[in-house]
Number of protein chains: 2
Amino acid sequence: MTSPSKLRASTAGTLHQRIRNDIEGRILSGEWPPGYRLPFEHELMNTYSCARMTANKVLSALAASGLVERRRRAGSFVARPKVHSAVLQIPDLKAEVENRGEQYGYELLERQQRGATRDDRSRLEVHLREPVIALRCRHDAAGQPFALEDRLLNLSAVPDAATQDFSQVSPSTWLVDHVPWTEAEHRISARNADETIAAELSVEVGAACLVIERWTWRSGEPITAVRFTHPADLYDLVARFTPSGRA
Amino acid sequence: MTSPSKLRASTAGTLHQRIRNDIEGRILSGEWPPGYRLPFEHELMNTYSCARMTANKVLSALAASGLVERRRRAGSFVARPKVHSAVLQIPDLKAEVENRGEQYGYELLERQQRGATRDDRSRLEVHLREPVIALRCRHDAAGQPFALEDRLLNLSAVPDAATQDFSQVSPSTWLVDHVPWTEAEHRISARNADETIAAELSVEVGAACLVIERWTWRSGEPITAVRFTHPADLYDLVARFTPSGRA
DNA sequence: CGGTGTAATATGTATAGACAAATAACACCT
DNA sequence: AGGTGTTATTTGTCTATACATATTACACCG
């Protein structure tokens with residue numbers, strides 16, 4: 001047990017923040033365990049000499065962040081986390097590489113504009129023959145292949161892409177700047193490098209690779225599907241999480 | 001372009017939600033692109049005939065979720081997403097397997113209670129000789145090995161674990177029910193199965209495996225470090241994301 | 001005993017007003 | 001032209017109040 005007097009009322013910041021910090025502190029320290037009923041709004045009101053709106057906003061914010069659950073007539077309770085969830089940051093590869101202080105390189109391997117094939121259709125939920133762009137490119141870090149990008153782009157959703165040749169700027173970079181999206185799904189898996197991948201990534205045939213696939217939609221309309229293949233020894237994904245939801 | 005009249009003022013729910021839905025709709029549809037200055041609080045006040053507090057709470061909530069940024073004297077602006085981030089759900093393996101409608105199995109391979117070795121120390125940030133428990137176990141789905149779990153537990157932080165033999169209940173399950181935590185970090189990578197792993201997971205030597213490592217702390221004190229190794233063909237991680245932050 | 005109606009209570013939502021703090025825009029002076 | 005100070009505007013925070021709504025707890029009655 002750590003000394004409980006350690007987290008008595010903080011003194012910094014606004015009243016809202018002071019109350020919030022106090023409550024979060026008690027919950028995160030375990031002093032108020034999951035299921036614990038926290039003080040009613042009118043009790044906080046007395047404790048901190050504040051209006052009920054202030055206490056209400058604090059508790060509502062904590063509820064929005066998932067740290068507490070509120071039930072009418074019953075009170076507010078410390079939430080018990082159901083699943084381990086984490087905020088996964090998937091940065092732009094260029095930024096990622098340059099963050100490591102290494103030189104970033106980009107090369108377009110293949111660009112094809114075509115009517116959607118059967119395969120394309122199963123990957124991107126477009127109709128047969130709808131115009132798409134298929135791209136394959138390589139991202140390098142410090143001269144070493146760092147990732148293979150294999151992308152399918154729905155031209156009906158992103159007509160501007162037709163005028164871009166993607167020889168200098170990577171499709172990922174171009175897309176985040178030009179195309180808003182509303183929904184995304186990621187799938188993370190592992191696979192052994194086949195001969196093609198091994199050659200293009202300069203790894204042994206059979207080497208384990210980390211594969212990240214992403215699908216993006218805008219209001220239900222598919223925009224793009226992309227698969228990044230990383231050499232296992234060059235890339236990890238990192239996800240951080242605090243229960244308060246503030247990474 | 002979709003018809004703009006489509007997302008005129010919604011009529012359902014509270015005023016707060018109506019305003020919020022309207023604004024989110026315009027942003028997510030692209031009608032209000034990143035950088036767009038949204039109406040001032042007093043404009044929303046007129047538009048919706050509401051008090052400023054109501055408009056303020058809506059905009060503050062949108063700011064908290066990351067959809068908009070607010071600057072004093074300047075206004076509120078549609079945020080431009082910096083990185084692709086996603087909420088990663090890492091469920092309990094037992095629940096995960098049973099969700100797929102398959103039979104879940106668990107077997108403890110090894111349990112050792114010891115003073116921390118040098119290796120343990122680098123994995124868990126404990127002092128040399130501090131008591132730890134090292135566990136290795138296997139999770140099965142439909143009779144097939146599904147995951148290897150390799151865990152190190154800080155007994156000083158979780159003394160109750162000493163009385164648990166983990167022969168029936170898996171450490172993951174036991175921990176989520178008994179130990180609160182405040183911080184976690186995940187690392188996701190790929191590796192080739194060595195002979196030990198291949199034997200225990202019933203895969204070929206060299207097969208690509210997805211590796212998920214997690215470190216957990218409570219108020220800075222390390223609780224546990226765990227590594228799950230999954231056969232690549234049996235397990236994917238799925239992460240979903242909507243820019244409004246509401247998965 | 002068990003079902004039903006009612007009152008008490010806690011949260012949910014909203015209003016109207018007040019002052020503080022930051023800063024963009026403008027006017028002014030050198 | 002360029003730096004400086006002032007002002008106006010917008011958001012940030014908080015108070016005090018009001019009524020709506022859901023639900024627990026309890027009293028009542030068949």
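Only heavy atoms go into these numbers, but all of them, side chains included; no hydrogens, no water, no symmetry mates.
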For this session: In whole angstrom, give the distance that lies between atom CZ of B/R73 and atom C1' of C/dA21.
Result: 13 Å

Problem set entry | Side-chain N,O (A/S76) to OP1/OP2 (C/dT11) below 4.0 Å | yes

Problem set entry | Side-chain N,O (B/R70) to OP1/OP2 (D/dG12) below 4.0 Å | yes

Problem set entry | From B/R187, B/R227, B/R151, residue fulfilling salt bridge (charged side-chain N to carboxylate O under 4.0 Å, His left out) relative to B/E213 | B/R227

For this session: Let me know the distance between CE of B/M53 and C1' of D/dC14, rounded to the nearest Å.
Result: 8 Å

Exercise. Side chains of B/H139 and B/E149: donor-acceptor distance under 3.5 Å anywhere?
Worked result: yes

Seminar exercise, completed: Rounded to whole Å, CG of B/N56 lies from P of C/dA16 at a distance of 15 Å

Problem set entry | Interatomic distance where NZ belongs to B/K57 and P belongs to C/dG12 [whole Å] | 9 Å

Seminar exercise, completed: Regarding the side chain of B/A51, the nearest nucleotide among C/dT15, C/dT11, C/dA14 is C/dT15

Exercise. If you find the nucleotide of DNA chain D closest to B/R71 and the one closest to A/T54, which residue's nucleotide is nearer the 5' end?
Worked result: B/R71

Problem set entry | Face-on cation placement of A/R100 at A/Y104 ring, 6.0 Å and 45° thresholds | no

Exercise. Rounding to a whole Å, what distance do you find between A/F40:CZ and D/dT24:C1'?
Worked result: 11 Å

Exercise. Between B/E69 (CD) and C/dA22 (P), how many Å, whole number?
Worked result: 18 Å

Exercise. Are B/H42 and D/dT10 close enough that a side-chain N or O sits under 4.0 Å from OP1 or OP2?
Worked result: yes

Problem set entry | A/R72 (side chain) and D/dA22 (base): donor-acceptor pair under 3.5 Å | no

Exercise. Hey, does the side chain of A/E43 reach the backbone of A/F40 with a donor-acceptor pair shorter than 3.5 angstrom?
Worked result: yes

Exercise. Is the cationic atom of A/R214 (NZ for Lys, CZ for Arg) positioned less than 6.0 Å from the six-membered ring centroid of A/F228 and within 45 degrees of its normal?
Worked result: no

Exercise. What nucleic acid atoms does B/L59 come within less than 4.0 Å of, heavy atoms only: base, sugar-phosphate, or nothing?
Worked result: nothing

Exercise. Quick one: B/L15 CG to C/dG12 C1', roughly how many Å, whole number?
Worked result: 13 Å

For this session: Indicate, yes or no, whether a donor-acceptor pair under 3.5 Å links the base of D/dG12 to the side chain of B/R52.
Result: yes

Exercise. Rounded to the Å, how far apart are A/L44 CG and D/dT15 P?
Worked result: 12 Å

